[in-house]
Number of protein chains: 2
Amino acid sequence: MSTAPDSADRLEVTGYRLTAPRRAVLDAIAHTNRPFTIEELSDRLPNIGRATVFRTIKLLQELEIVCRVPLEDGGVRYERSRSGRHHHHLICSECGSVTEFNDPSLDASIEENATLAGFELDGHSAELYGRCASCRGGGAL
Amino acid sequence: MSTAPDSADRLEVTGYRLTAPRRAVLDAIAHTNRPFTIEELSDRLPNIGRATVFRTIKLLQELEIVCRVPLEDGGVRYERSRSGRHHHHLICSECGSVTEFNDPSLDASIEENATLAGFELDGHSAELYGRCASCRGGGAL
DNA sequence: CGTCGCATTGATACTTAAGCTCAACAACGG
DNA sequence: CCGTTGTTGAGCTTAAGTATCAATGCGACG
Ligand SMILES: [Zn+2]
Ligand SMILES: [Zn+2]
Ligand SMILES: [Zn+2]
Ligand SMILES: [Zn+2]
């Protein structure tokens, strides 16, 4: 049990090679709890080429091991997905933490709106911005 | 009635000057029905400095005259808002058209999830991706 | 009017993020 | 061992947006 055995498995099972650079990326994100940028990740992996970090993260997104978190200011971070399934994000503007949640009725509501508009839905995103419970507790009010 | 009188009013009422460059930008977006990039807009306004186009669009976003549309592939376009109020987008991956919709029950569902997580909600986004009614009608199926 | 002050403009340089290229390399199957 | 294919990484290129800063415009005031 070195790192993220399940993720590694998922890579191999899907037909991709589990190479040393890919393992290094998996390793690095397994040891991070904060959402990260590619640059940050790349800096922590000086022996791995930037392009490879990009490629690997893209790959991991497809496998739903990592997800893309769009910030309120237009920036983007990435986060190792806890659930590995479809979900949405609660993004704290104070501490930057990201919490996943899933709500079938929210998705249903989204689908309903698409149907109403005669739209064939193919994907969607929903991001919630604000202050997380612990930042509220610790700070004012 | 030259262009977008209401938008122009909104600019002035809010204390900003309605200058010639700003009017030109308002004019240009009033005559566009497709979501645009800043570059495209800037190209259509050769007499207006690029920086001014950026500044003006940013201003119009604050006034909710224009809204930022994040695409599925991570790109961004801008669109003159029809409603000028809070809404979400249906984005067609085939023709690129953007339709606004508003659904109080969707927003309620979002707020409920925030509350459940002890989160103080501050803003949110929801984008729907797929094929619009006319692209479906004209194409296959 | 004349003039002062502030908002605005725009050419340009700069920044940052992200993606692409392509030759070298590693793995694998036979 | 050799050819085929997937993978890598240094450096190049693009895109998007921002910073600079002098010049200009406009309004207020006397
Ligand atoms: Zn996520
Ligand atoms: Zn969903
Ligand atoms: Zn909109
Ligand atoms: Zn909403």
Side-chain angles (χ1 to χ4, degrees), chain A residues 7-29 34-63 65-79 96, chain B residues 7-29 32 34-63 65-79 96 125:
Chain A
S7 300
D9 289 353
R10 214 178 319 179
L11 246 188
E12 290 196 306
V13 161
T14 331
Y16 295 100
R17 283 193 206 152
L18 181 54
T19 60
R22 285 179 181 162
R23 193 184 285 278
V25 171
L26 282 171
D27 221 58
I29 68 179
R34 310 219 145 284
F36 52 88
T37 64
I38 307 275
E39 293 303 326
E40 285 166 8
L41 185 56
S42 188
D43 287 349
R44 289 177 46 203
L45 297 165
N47 303 328
I48 312 290
R50 233 172 59 91
T52 299
V53 178
F54 270 100
R55 280 186 293 239
T56 305
I57 292 297
K58 187 184 220 173
L59 187 56
L60 296 180
Q61 274 179 264
E62 275 153 28
L63 299 177
I65 291 168
V66 159
C67 56
R68 186 176 191 274
V69 182
L71 305 183
E72 203 165 14
D73 66 9
V76 176
R77 293 192 159 251
Y78 298 86
E79 180 217 28
Chain B
S7 300
D9 290 353
R10 211 172 329 173
L11 246 188
E12 290 195 306
V13 161
T14 330
Y16 295 100
R17 283 195 207 149
L18 181 53
T19 60
R22 285 179 180 162
R23 194 184 284 279
V25 171
L26 282 172
D27 221 59
I29 69 179
T32 318
R34 310 219 144 286
F36 52 88
T37 64
I38 307 274
E39 293 303 326
E40 286 166 8
L41 185 56
S42 189
D43 287 349
R44 288 177 47 203
L45 297 165
N47 303 328
I48 313 290
R50 224 173 67 93
T52 299
V53 177
F54 271 100
R55 280 186 292 238
T56 305
I57 292 297
K58 188 184 221 171
L59 187 56
L60 296 180
Q61 274 179 263
E62 276 153 27
L63 299 177
I65 291 168
V66 159
C67 56
R68 186 177 189 276
V69 182
L71 305 184
E72 203 165 15
D73 66 9
V76 176
R77 293 192 158 249
Y78 298 86
E79 179 218 30
S125 80

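For the numbers below, each heavy atom of this structure counts, side chains included, while hydrogens, waters and symmetry mates do not. Labels below follow one simple rule: chain letters A, B, ... track the order of the sequence lines, proteins then strands, and each chain is numbered from 1. On a predicted model such as this, the values are computed, not experimentally measured, just so you know.
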Between the protein and nucleotides 21-26 of chain C, which nitrogen or oxygen pairs are less than 3.5 angstrom apart?
none

Rounded to the nearest 0.5 Å, how far apart are CG of B:L63 and CD1 of B:I65?
->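 Those atoms lie 4.5 Å apart.
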Could you give the distance from CG (B:L60) to OH (B:Y16), rounded to the nearest 0.5 Å?
->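 So the CG of B:L60 and the OH of B:Y16 are separated by 10.5 Å.
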Would you indicate whether the side-chain heavy atoms of B:L18 and B:L26 approach each other to under 4.5 Å?
->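 Yes - at least one pair of side-chain heavy atoms lies under 4.5 Å apart.
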Side chains of B:R22 and B:V25 in contact at under 4.5 Å (non-hydrogen atoms) =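 Answer no - side chains too far apart.
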Side-chain donor/acceptor pairs under 3.5 Å, residues 38-46 of chain B, sequence neighbours excluded:
{"unit_1": "B:E39", "atom_1": "OE2", "unit_2": "B:R50", "atom_2": "NH1", "d": "2.5"}
{"unit_1": "B:E40", "atom_1": "OE1", "unit_2": "B:T37", "atom_2": "N", "d": "3.3"}
{"unit_1": "B:E40", "atom_1": "OE1", "unit_2": "B:R77", "atom_2": "NH1", "d": "3.3"}
{"unit_1": "B:E40", "atom_1": "OE2", "unit_2": "B:R77", "atom_2": "NH1", "d": "3.4"}
{"unit_1": "B:E40", "atom_1": "OE2", "unit_2": "B:R77", "atom_2": "NH2", "d": "3.1"}
{"unit_1": "B:R44", "atom_1": "NH1", "unit_2": "B:T32", "atom_2": "OG1", "d": "2.7"}
{"unit_1": "B:R44", "atom_1": "NH2", "unit_2": "B:A28", "atom_2": "O", "d": "3.2"}

Rounded distance in Å - [atom1] ([X]) to [atom2] ([N]):
{"X": "A:I57", "N": "D:dT8", "atom1": "CD1", "atom2": "P", "answer": "13 Å"}
{"X": "B:L45", "N": "C:dT9", "atom1": "CG", "atom2": "C1'", "answer": "14 Å"}
{"X": "A:R22", "N": "C:dA27", "atom1": "CZ", "atom2": "P", "answer": "13 Å"}
{"X": "B:I48", "N": "C:dT8", "atom1": "CD1", "atom2": "C1'", "answer": "12 Å"}
{"X": "A:L60", "N": "D:dT7", "atom1": "CG", "atom2": "P", "answer": "13 Å"}
{"X": "B:Y16", "N": "C:dA7", "atom1": "OH", "atom2": "P", "answer": "11 Å"}

Between C:dT8, D:dT7, D:dG9, spot the one nearest the side chain of A:T19, thanks.
->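 From the listed options, D:dT7 comes nearest.
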Under 3.5 Å, which protein N or O atoms sit close to an N or O of nucleotides 15-19 of chain C? Give each pair with its distance.
{"unit_1": "C:dA18", "atom_1": "N7", "unit_2": "A:R50", "atom_2": "NH2", "d": "3.0"}
{"unit_1": "C:dG19", "atom_1": "O6", "unit_2": "A:R50", "atom_2": "NH2", "d": "2.9"}

Residues in side-chain hydrogen bond (donor to acceptor under 3.5 Å, both in side chains) contact with A:T52, at least two apart in sequence or another chain |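 A:T52 satisfies side-chain hydrogen bond (donor to acceptor under 3.5 Å, both in side chains) with A:R55 once adjacent residues are dropped.
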Bend across the helix from C:dC1-D:dG30 to C:dG30-D:dC1, to 10°, with axes taken over 5 pairs at each end?
->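 End-to-end axis angle: 20°.
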According to a strict under-4.0 Å criterion, is B:T52 in side-chain N/O contact with OP1 or OP2 of C:dT9?
->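 It does not, given that no N or O in the side chain of B:T52 lies less than 4.0 Å from OP1 or OP2 of C:dT9.
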Shortest non-hydrogen contact between A:G96 and A:P35, atoms and distance |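 For A:G96 and A:P35, the tightest heavy-atom pair comes out as O-CG, 3.5 Å.
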Applying side chain to side chain contact (heavy atoms under 4.5 Å, CB included), name anything that partners B:Q61, two or more places apart in sequence or on another chain.
->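 Partners of B:Q61 by the side chain to side chain contact (heavy atoms under 4.5 Å, CB included) criterion, ordered by chain and then number, come out as B:I57, B:V66, B:R68, B:Y78.
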